Structures are given as structure tokens and as C-alpha cells.
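First comes the structure, then the notes that go with it.
The structure displayed is predicted, hence computed values, not measured ones.
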Amino acid sequence: MAHDTPLLTLLAAAFAAAWILGLVAQKLRLSPIVGYLLAGVVIGPHTPGFVGDAALASQLAEVGVVLLMFGVGLHFHLRDLIQVKGIAVPGALIQSGVATLLGLGLGLAEGWTVAQGLVLGMALSVASTVVLLRGLEEHDLVATPAGHAAIGWLIVEDILTVVVLVVIPALAGGASSGGLLTSLAISLAKLVALVALVFLIGSRALPRVLTLVARLRSRELFTLTVLALAVAIAVGAAYVFGASMALGAFLAGMVVGQSRVSHQAAADALPLRDAFAVLFFVSVGMLLDPSFLLREPLLLVAGLAIVLVGKPLAALAVTVLLGYSTRTGLVVALGLAQVGEFSFILGELARHHGLLGETGYSLLVACALVSISLNPFLFRWLDAIEGWLRRHPRLWRLLDARSARKRAAINARSAEAIAQETRPLAVIVGYGPVGQAVDRALRRSGTETVVIDLNMDTVAELEKSGQRALFGDASQPGLLQQAGVARASHLVITLPHSVNRAPLIAAARVLSPRCRIVVRARYLREHADLVQVGANVACFEEAEAAARLTELVMADLGLERAAASAEGDRVRQEALGQLELESNA
């Protein structure tokens with residue numbers, strides 16, 4: 001019988017099913033979360049065969065929620081948000097509002113209450129940070145301005161989720177007694193008291209406790225201390241302040257993240273967090289009745305329309321209206337076209353308070369399964385979607401109008417100075433640490449330089465210092481022409497990622513067949529593609545790292561500096577020589 005299932009049997013079944021289906025999902029290039037959710041369906045009460053104890057799984061899932069939110073708090077830094085606040089804050093607020101209203105409309109159409117519709121919309125508006133980061137990493141977008149904007153957007157959504165976790169109990173109280181405002185005011189007052197207590201007292205006490213335990217050099221005690229703090233604060237937040245355990249764990253993570261041993265705390269908490277997070281997704285999957293897909297196909301299609309159409313279009317519209325590039329808007333839009341783990345946290349809390357019925361929760365889980373499965377494919381279509389938009393000039397101009405005007409206003413002074421200059425110059429794309437070093441060296445040698453960067457603040461600072469700099473995507477021929485590539489002796493591409501690099505090189509080669517194009521690349525396997533589009537010289541991080549590490553090791557073994565350097569050169573030449581052999585094969 002299901003209610004007689006012991007804890008170990010449940011754990012064995014959950015982990016085994018999650019492991020097998022997680023491997024299958026990974027093999028199919030899907031998120032493992034899809035496999036974990038399907039594992040819950042397999043061992044759930046709505047499918048034949050083994051049936052796990054849903055109540056016990058739910059309790060284990062609570063631990064997963066606590067550790068998940070604790071991990072988010074550990075890695076949450078205000079400075080991450082400040083860097084992209086111009087797009088992340090208004091964008092996340094507007095997009096979440098649009099998705100919430102769409103969810104409300106769907107709920108009202110189904111005959112639900114206003115509160116139920118609002119909760120559904122709020123849950124559908126939240127995307128998964130895990131799924132987003134995977135998509136960005138697979139397409140080398142994490143370090144790009146578009147990637148930073150998408151991550152910042154998700155940070156704001158995480159903050160909104162924390163606020164909603166406070167609102168849901170108040171919404172439930174108001175729905176039953178009519179005193180929503182009073183209930184909400186009391187809940188917010190308790191939240192302020194909780195935050196004040198945790199940050200005023202906890203920010204002083206907790207880091208000291210962790211430091212003292214770390215000095216004992218016992219990993220077991222340190223891990224136990226981290227877990228005790230996370231769980232104790234989470235439970236205290238729930239029972240003393242009436243907040244959710246997830247909120248308490250989030251605040252505990254933020255405080256622990258301020259300590260000097262935060263990296264060790266994260267390293268110790270991550271394995272446990274991942275294990276219990278798997279149980280959380282399995283427990284969610286156990287609640288899905290597969291027959292729901294057959295009973296309510298139109299409801300599912302409507303929910304997916306909100307997630308896969310409504311949210312992305314709202315994000316794209318907000319991004320371009322704020323004056324950011326269409327490329328940035330597409331990255332953000334595709335990254336948000338899914339429903340993630342925090343949606344389940346909201347759904348669980350809403351279900352507990354009677355604000356989301358079984359149909360609504362099944363809809364939420366089904367939308368998550370489908371959208372998470374489709375998201376990797378959507379990211380693969382990024383370049384194709386951008387190419388299609390470019391082939392429709394009217395639509396492209398409409399989307400890129402504000403961004404183009406912003407670029408023109410920012411670049412006006414530098415563009416005019418570059419147009420009047422007749423001396424040869426070098427164009428540097430990207431002004432990170434590598435770009436700055438190259439720029440300083442060229443200027444010391446007497447070579448004029450023009451910097452192209454996608455960070456508006458960087459361009460503004462360079463212009464203030466009297467240096468010529470242009471803001472925008474260097475792959476656009478118009479911007480390269482403004483930068484003077486047609487008469488440049490060198491084009492130096494210092495960006496570590498490969499996004500838009502091939503179009504950039506090709507566009508530069510059309511403007512100037514004589515310009516020497518020097519490229520920074522991560523992997524040796526990129527060599528053939530770079531040569532094909534017109535690059536003259538490439539610096540491969542793999543080869544340089546291998547050469548430098550060889551030099552360091554040889555010097556450490558006692559070789560003279562010249563001999564160690566010669567060994568490093570040999571390693572570099574072997575790597576590059578192998579590329580020549582592969583190219584001629």
C-alpha cells in the first residue's frame with residue numbers, strides 16, 4: 001500500500017527513476033528537470049506500478065525548497081542587479097504584470113476566482129534560472145551584454161517571487177475574511193521585522209559563527225552548521241513571523257553570503273541542495289495526472305500560449321522600447337519562454353492556502369514540462385529568428401528604431417571625429433581587460449585606436465577621456481564603417497565568445513580586403529571557421545593556456561627561464577601545427 005511505503009523505499013524509487021529519466025533527458029539535449037518531473041509522474045498515484053507516498057515526498061520536497069532558496073540567497077548580490085537595472089527592473093516588472101494579467105484572464109474564462117487567476121498568472125510569469133543559464137552557456141551568451149540583461153531580469157523575478165510568497169498568505173486571508181489590505185499590511189510588517197532581525201543581528205552573528213567553526217577544520221561540523229542555520233532560520237520565519245520557509249531560507253542565504261567563508265558554505269550546501277531539489281521536482285511530478293493532458297487540451301494550449309508567446313512578446317516589446325538592441329530582446333524573450341522551479345514553490349504555497357486547485361496546479365506542472373523541454377530548441381533558433389527579422393526591413397526597423405536612435409546619439413561626436421581623421425588606425429572590438437591591454441599598447445606605440453563596445457557606460461567614460469569610442473554591435477556594417485574599418489590597418493576582436501563573430505569578420509573583410517583581422521578565440525576547433533570568414537591571425541586560449549602552464553611547471557621543476565619558455569613555445573607550436581595538418585587534410 002502507498003501509505004505503508006517506508007522512507008528508504010521512496011528515496012530509492014525516486015532517485016532511481018529520476019536518475020534514469022534524467023539521463024534520457026540529458027541524452028535528448030533536454031533539461032534534466034524534465035526527467036525529474038517525469039520520474040514523479042512514473043511513481044505517482046496517477047500511473048500504474050509502484051506508488052510513492054505523496055505526503056512523505058512533499059515533506060522531503062520542503063527540504064529541497066529550503067535549500068534551493070538558501071542557494072539563491074547565497075549567490076544573490078545587489079551589484080549584479082545594479083549593472084543592468086535599466087533593463088532588468090522595468091522589464092521584469094512589466095513582463096510579470098502582463099503574464100499575470102493573461103493568467104487572470106485565463107482563470108476568469110475558466111470560471112475561477114480573481115485570486116486564483118492572479119496566482120496562476122504570477123506562477124506562469126516566473127522563469128527558471130537553471131534553464132536560462134543552461135541555454136546561455138550552450139550558446140556562449142553568458143558573458144555578453146544580452147546574457148547579463150537576461151540574468152539580471154531573472155534576479156528581479158526572484159525578488160518578485162519572494163514578495164509574492166508574502167502576498168499569497170495575505171491574499172488567502174483576505175479572500176476568506178474580506179480584510180485583504182489589513183492581512184497584507186500585517187504580513188508586510190512581519191516581513192520587515194524578519195528582514196530587520198536577520199540583517200541587523202544575523203549579519204553580525206552568523207558570519208562570526210561560521211568563521212569560528214571553519215577554524216576548527218572539521219568539514220562535517222561546518223556543513224552541519226550551514227544546514228542548521230538554513231533550516232532553523234527557515235522554520236523560525238514560518239512559525240514566528242508567519243512567513244514562508246522559502247523566504248526565511250532566502251534571507252539566511254543572503255546573510256551567509258556576506259561572510260568570508262561563503263564560498264565554502266556554497267560548496268558544502270550545493271550537493272545536498274541538488275539531491276533534495278531532485279526530490280522536489282519528483283514530488284511535483286507526482287501531482288500531475290497525465291489524463292489532464294487529454295481532459296483539458298485547450299486549457300493546456302492556452303497556458304502554453306501565455307508562456308511561449310505572451311511572455312516572450314512582452315519581454316521583446318519592453319526591451320526594444322527601452323532602446324536596447326533587438327538581439328538583446330530576442331535573447332531575453334527566448335530565455336523567459338519557460339516555467340521554472342519558483343513557479344512550483346508559488347504553486348505549492350497557493351495550493352496549501354486554497355488559492356490554486358488541482359486543475360490549476362496540473363496546468364502549471366504541464367506547462368513547465370512542455371516549456372522546459374522546448375526551451376533548448378528555441379535557443380537554437382535564435383540566429384534563424386534574427387536572420388528572418390533582418391530579411392524583413394520594415395519589421396527590423398520598427399524593432400530596432402529606438403536602439404538605432406540611441407546609438408546615433410551616443411556615437412555622434414566620435415563618429416564625426418573619426419570621419420575627419422585621415423591617419424591609419426586600429427579598431428578594437430570589446431573593451432574588457434584584454435581590449436584595454438591591447439588599446440594601451442597600441443596607443444603607446446603611436447597608433448590611433450577606435451573602441452567598439454556594447455556597454456554604454458564604458459563608451460561614455462572613454463569619450464570623456466578624449467578617446468574615440470562607439471556603442472553598438474560591431475557585426476553591423478554601418479557601425480564598422482563609422483569606426484573607419486575601411487582605412488584601418490588592424491581590426492582586433494577581443495571578445496571571448498563566438499556570438500556574431502563570423503558576421504563581424506565577414507562584414508569587415510567586405511569593407512577592407514587589406515585590413516589585418518586579429519581574433520581572440522577560446523578553442524582550437526574554431527580555427528577553420530575563422531579562416532573561412534577572413535581572419536588573418538587568431539590567438540587561441542587553449543593553446544596559450546597550455547603553453548603558459550608548461551612554462552610554469554618547467555620553471556618550478558628547476559629549468560632555466562629560457563629553457564622553460566622554449567618548452568612553452570614548443571607546446572604552442574605543436575597545437576597550432578596540428579591545426580595546419582587538420583586544415584590541409
**Message:** Looking at E574 and R570, is any side-chain nitrogen of the basic one under 4.0 Å from a carboxylate oxygen of the acidic one?
**Reply:** no

**Complete:** The salt bridge (Lys or Arg N to Asp or Glu O under 4.0 Å) partners of D473 (sequence neighbours excluded) come to none

**Message:** The criterion is side chain to side chain donor-acceptor pair (under 3.5 Å); which residues satisfy it with Q95, sequence neighbours excluded?
**Reply:** W153

**Prompt:** Counting N and O atoms only, with roles assigned by atom type, does the side chain of K406 sit under 3.5 Å from a partner on the main chain of L322, one being a donor and the other an acceptor?
**Reply:** yes

**Asked** Can you name the residues that form a side chain to side chain donor-acceptor pair (under 3.5 Å) with R509, not counting sequence neighbours?
**Response** N536

**Message:** Applying ring-ring contact (aromatic ring centres under 6.0 Å, His included), can you list everything that pairs with W381, at least two apart in sequence or on another chain?
**Reply:** none

**Item:** Results of salt bridge (Lys or Arg N to Asp or Glu O under 4.0 Å) for E448 - residues two or more places apart only
**Value:** R423, R468

**Message:** Suppose we screen for side chain to side chain donor-acceptor pair (under 3.5 Å). Which residues come up paired with R516, at least two apart in sequence or across chains?
**Reply:** none

**Request:** List for me each residue that meets side chain to side chain donor-acceptor pair (under 3.5 Å) alongside S465, sequence neighbours excluded, and say none if there are none.
**Result:** none

**Asked** With sequence neighbours left out, which residue pairs that include part of residues 433-446 fulfil the salt bridge (charged side-chain N to carboxylate O under 4.0 Å, His left out) condition?
**Response** none

**Message:** Under a plain distance cut-off of 3.5 Å, with no hydrogens placed, do R407 and S403 share a side-chain donor-acceptor pair?
**Reply:** yes

**Message:** Going by the rule salt bridge (Lys or Arg N to Asp or Glu O under 4.0 Å), which residues pair with R548 if we only count those two or more places apart in sequence or in a different chain?
**Reply:** E551

**Message:** Keeping E526 on the side-chain end and Y523 on the backbone end, is there a donor-acceptor pair under 3.5 Å?
**Reply:** yes

**Prompt:** What residues, two or more places apart in sequence or in another chain, satisfy side-chain contact (heavy atoms from CB on, under 4.5 Å) together with V519?
**Reply:** I493, R501, I505, I517, L530, A535

**Request:** Using a strict cut-off of less than 4.0 Å between a Lys/Arg side-chain nitrogen and an Asp/Glu carboxylate oxygen, indicate whether R522 and E542 qualify as a salt bridge.
**Result:** no

**Request:** Test salt bridge (Lys or Arg N to Asp or Glu O under 4.0 Å) on R390 and D383 and set out the steps.
**Result:** CA-CA 10 Å; R390 289 183 184 277; D383 292 333; over 6 Å; no

**Message:** Once ring-ring contact (aromatic ring centres under 6.0 Å, His included) is applied, what residue pairs with a partner in residues 414-447 remain, sequence neighbours excluded?
**Reply:** none

**Asked** Mind checking whether W396 and H392 have ring centres under 6.0 Å apart?
**Response** no

**Request:** Applying salt bridge (Lys or Arg N to Asp or Glu O under 4.0 Å), name anything that partners E544, two or more places apart in sequence or on another chain.
**Result:** R572

